[in-house]
Structures are given as structure tokens and as C-alpha cells.
2 protein chains.
Amino acid sequence: MSGSTPKSERTRARVREVAIGLLRDVGYERTTMRAVAQAAGVSTGTAYYHFASKDELVQELYLEVQRDHARRAAPVLAAGGTLGERLRGVWGAAVDAFGPFHGFGGEFVSVAVRPGSAASPFSAASGPARALSRSLFDEVVEGATPAVPPRLRAGLPELLWLAQLGITLFWVHDTSPGFARTRRLVDQGSALVGTLVRLARLPVARGVVDDALRLLRAVHPVPDGRA
Amino acid sequence: MSGSTPKSERTRARVREVAIGLLRDVGYERTTMRAVAQAAGVSTGTAYYHFASKDELVQELYLEVQRDHARRAAPVLAAGGTLGERLRGVWGAAVDAFGPFHGFGGEFVSVAVRPGSAASPFSAASGPARALSRSLFDEVVEGATPAVPPRLRAGLPELLWLAQLGITLFWVHDTSPGFARTRRLVDQGSALVGTLVRLARLPVARGVVDDALRLLRAVHPVPDGRA
DNA sequence: GCTAATTTTCGAACATGTTCAGAAACCCTC
DNA sequence: GAGGGTTTCTGAACATGTTCGAAAATTAGC
């Protein structure tokens, strides 16, 4: 709340940065709390004073990566284009942003998927990170040309965000050089979504689309709460 | 290879059973290796002699649960019915079989999703468990009336299996009483799949279906290998 | 400026997963 | 049944995430 930066904030920031650097360089397992504390020049107790758990430190890394993703996706979102093209750009930017962490991706995903974990994309703690990530897909849908049918506007971004989680899970297990298989998934998947949304305009599809939307609503009652 | 049962097998089986019981009753975290060993009447070292890690013990539990799932799904698969009905039955049986573990589901999923983990559904170690689970969806598709279009037979079971992973992930985070939301997801999701497969017969859908099948092939080059 | 409260830091302590050097039990050969 | 080799078992030891009571530093009140 105050204007100046109290000392405690500086210690916290230092621990945060050291932790992110270590996680980036040596992965989840080999980044011990003792190593973080030592590299930050404090005791382990102090590290725990500022961050409740190791997972909370991982959460900071997530935020950093998501900011990077948003940065990389910005030009795509500003450029216009079809839904498929925009989606391809945003998903592709995600693969680019995640790249450096592939070696430890599994560890991170494992941490993220644990419901209790602060780093879970569904947890309340990662609300800001999730909102940032979600908003990218709002923009993908909003700025598409030709415009996405209004009926789909409400649910589609959420669906695309979930699809990105799936892509991430796939990427974690992808050992092909340059993540070639994940790239293919992104390219063909985004094109497929474009085609499906185009088809959704046909009268024959109305029934299925309604069913899908109802499913989405039934399953997702609280738009922004904890799940 | 021998006919009789050596003593070592008995110790191993005892550890296995105690571990499964503890995991079932008190969850992943509170099931310590020391507790398992003590309850089995051996030392911790002995437990590690028979099982390389705690995850490997969890893997044993998975196998058990999957057998239970298969048992529950059997009558559905024997009964015939439409694709949607059969799918609903098999997915519903999964929710039933998983039920007792909901409290610790997240811990288990977290373990399962770690690529290195023996318990990962994509790992070589869980090949048998995966094959068992996969085969259920082969049967779902094979026995459906009216028959599933031949073009879809190859890829659909894999897709439905993956969808079950998604449902499981959803279930883990589902805190509604009786897993009501997950049940809705299963009911409406299986119906939606039924509708989609029905629509896939229409000429207008031929393009999308081809794209989807191509995507599946491009992304999944090795049908039964490690991924 | 001094005292009391509050914030921040420390480091020892605890429980856990895992390892390992060696002891014990077992099995086979002679 | 004695000796040697293999399998099985043991429990102490290690590193790790986390907790906690107390010390130190800082701030607030007067």
C-alpha cells in the first residue's frame, strides 16, 4: 500500500527471483528450498516466511511463463485473421514459451495437477495467472474475422483454454525433435476448430451445438469460482 | 517360471496388499513406506527390495481399480445398445469404480501424470493396465448398434479413452455431492458423442471427419509404443 | 530517546522417501 | 552336512519439505 519499498519486499523479491532462476535451470526436484535460501542469502526459515511452500514458488514461475506467453501472443492477437489462424498463433506461442522447460515439464505439470496445490490452474491461488491465460482466448474469439457466431462466444474461450491444457499435457510427453508432433497438433487442431465453428452455422448442426453448449453450462456452473 | 510359489513371492504379495489397503483407507500422503512395512511385518528396506518406489505401489492400486472398472463395465458391454448408451455405461462405471478414492484422487492423478512415474498411463510400466482400459473402448465401439462407420473404428476408441482421462481429471476436482457434475458430464458427453458419430455419416461432415482422422494419425504415430 | 509491540530472520528439529553395506536365510553341490 | 553362492532382509543413514520457538531487527507510541 505504501509508496516506498519496504525491506521485506526486497527479500521476498530476491527469493522469488533466485527460485525462478533455479527452477528454470535445474528443474523442480533439484531446486531444493535450502539451495534457494542459500543462493538468496537467507535461511530456509526465511524462505518459508515469505512463501508458504515450494509449490507457491513454482506458482511464481508459472506467472512468469504466462506473461511470456501473453507477450508472444500479442502480435498475433493484434493482427486480425480467422479464428483458426489466431488460434494457431496463440497455441504456437504457448509451445514457444514453454520450450525451455520441457526437460522438467513433467514435474511441473505433476505439481500443477494436484488439486490442493497452489500451482493448480484450478486453484484459487492461481486465479490471476488463470485469468491472464483465459483472456488470451477471449481475444482470440473476439477479434476473429469472420466473426464467431454469437451463440458460441460465451463458451468457446473456456473450451479453447481447456484445449490448451490438453496440448500442454501432450507437449510434456512429446519427445520429438523441436516438438514436431505438438506443432502438428497445434496446426491441425486449430484448423479443425476453425472448420467446426464454420460448420456450426449450418442448420443441420444446430442441435449438436445446442447440446454442446448445454453440456458446457451444466458442467461449469461457476464461471470464476474455485472448481 | 516354476510351479510352486517361493516364499519371496509371499512377502511381496503381503506388502502389496497392505499397501493397497492403506492407500485405499488413508490416501497417498498418509500411506508412508514405514507404515506399509510395519503393517506387513517387514522392514522398510524389504519393502524397497520388492518395489522400487512408492509410485510402484500406487501402480498396483491402479491395476486393482482398473480391474474393478472392467468388472463393472462388463454387463454394459454384454448388453448391446447404441454407442451413446454403451459409452455412458462404461464412463459411469469408471466414476463408480473411482468413487472410494475421491478424497485422494488428486494425489493419485498427480503421481500418474508425472512422465517419469511408473504409474503414468503413458509409461511403459503401466502398459498392461492401459491395454485393459483401452480394450473397454474397443468393445464399446465394436458392439454398438447401429454400427459405427468403419472409417471411425480405428481412431475412436483411443479418443474415447483419452476422453476418459479428461473425465477423470474433472472428477478429481469435482466436489459436488455424489459427483453430480461428473455424472452430468458423462451423461451429456456420451450423448453428444453419439450424436456426433451419427452426424459423421452426413456428406457435409466428410471433410471435417477426414481432417480429424488425419490429425489423430499425425499426432499418434506409434499405436502401442511409449509416448 | 526509551519501551513495547510487531515484523522478520534464524537454525535446529521432525517426518518422509530412498539408499546401502552388511547380516541372515536359503539353496545347491559335493 | 559343510562350504560357497545367491536371495532376502535389516536398520541406520542421507537429503528433502516443512514447522516452530526463540532471537534479532524494525517500527510505533509516548
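The structure presented is a predicted model; accordingly, all values stated were derived computationally and were not measured. We name chains A, B, ... by the order of the sequence lines, and we start the count at 1 in each one.
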> CZ of B:Arg34 versus P of C:dT19: gap in Å, rounded?
Replying inline: 13 Å
>> Pairing donors with acceptors under 3.5 angstrom, does anything connect the side chains of A:Ser176 and A:Asp174?
In response: yes
>> Angle between ring planes, B:Trp171 versus B:Phe179, binned at 30° and 60°: parallel, tilted or perpendicular?
In response: perpendicular
> OP1 or OP2 of D:dG11 sitting under 4.0 Å from any side-chain N/O of B:Thr44?
Replying inline: no
> Looking just at side-chain N and O atoms, do B:Trp91 and B:Ser190 make a donor-acceptor pair shorter than 3.5 Å?
Replying inline: no
> Looking at C:dT19, C:dT9, D:dC9, which one has an atom nearest to any side-chain atom of B:Tyr48?
Replying inline: C:dT19
> What's the CG-P distance between A:Leu22 and D:dT16, to the nearest Å?
Replying inline: 12 Å
> B:Tyr48 ring centre to B:Lys54 NZ or CZ under 6.0 Å, with the angle to the axis within 45°?
Replying inline: no
>> Once you apply a heavy-atom cut-off of 4.0 Å, does A:Thr32 come out as touching a base, just sugar-phosphate, or nothing?
In response: sugar-phosphate
> Is B:Arg184 paired with B:Asp187 through a side-chain N to carboxylate O contact shorter than 4.0 Å?
Replying inline: no
> Where each pair must be Watson-Crick or G-U wobble with both distances under 3.5 Å, what dot-bracket representation of DNA chain C is obtained, with crossing pairs in [ ] and other-strand partners as |?
Replying inline: ||||||||||||||||||||||||||||||
> B:Glu9 has an atom CD; how far is it from atom C1' of D:dT7, in whole Å?
Replying inline: 13 Å
> How do A:Ala52 and B:Gly41 order along DNA chain D: which one's closest nucleotide is nearer the 5' end?
Replying inline: B:Gly41
>> Can you measure A:Gln38 atom CD to C:dG11 atom C1' for me and round it to whole angstrom units?
In response: 13 Å
>> Does C:dT8 have its OP1 or OP2 closer than 4.0 Å to a side-chain nitrogen or oxygen of A:Tyr49?
In response: yes
>> Are A:Arg14 and A:Glu9 packed together at the side-chain level, in the sense that at least one heavy-atom pair is separated by less than 4.5 angstrom?
In response: no
>> Please report the distance, rounded to the nearest Å, between CZ in B:Arg14 and P in D:dC9.
In response: 13 Å
>> Can you work out whether B:Ala47 or A:Tyr28 has the more 5'-proximal nearest nucleotide on DNA chain D?
In response: B:Ala47
> With respect to A:Glu158, which candidate in A:Arg134, A:Arg153, A:Arg217 satisfies the salt bridge (charged side-chain N to carboxylate O under 4.0 Å, His left out) definition?
Replying inline: A:Arg134
> If only side-chain N and O atoms of B:Thr46 are considered, is one of them under 4.0 Å from the OP1 or OP2 phosphate oxygen of D:dT10?
Replying inline: yes
> Rounding to a whole Å, what distance do you find between A:Arg10:CZ and C:dT8:C1'?
Replying inline: 15 Å
>> With a 4.0 Å limit, can you tell me whether B:Thr11 has a side-chain N or O closer than that to the phosphate oxygens OP1/OP2 of D:dC9?
In response: yes
> Considering only C:dT18, D:dT16, C:dT7, which nucleotide approaches the side chain of B:Ser53 most closely?
Replying inline: C:dT18
> In whole angstroms, how far is the P atom of C:dT18 from the CE atom of B:Met33?
Replying inline: 6 Å
>> I need the CD-C1' distance between A:Glu29 and C:dT18, as an integer number of Å.
In response: 11 Å
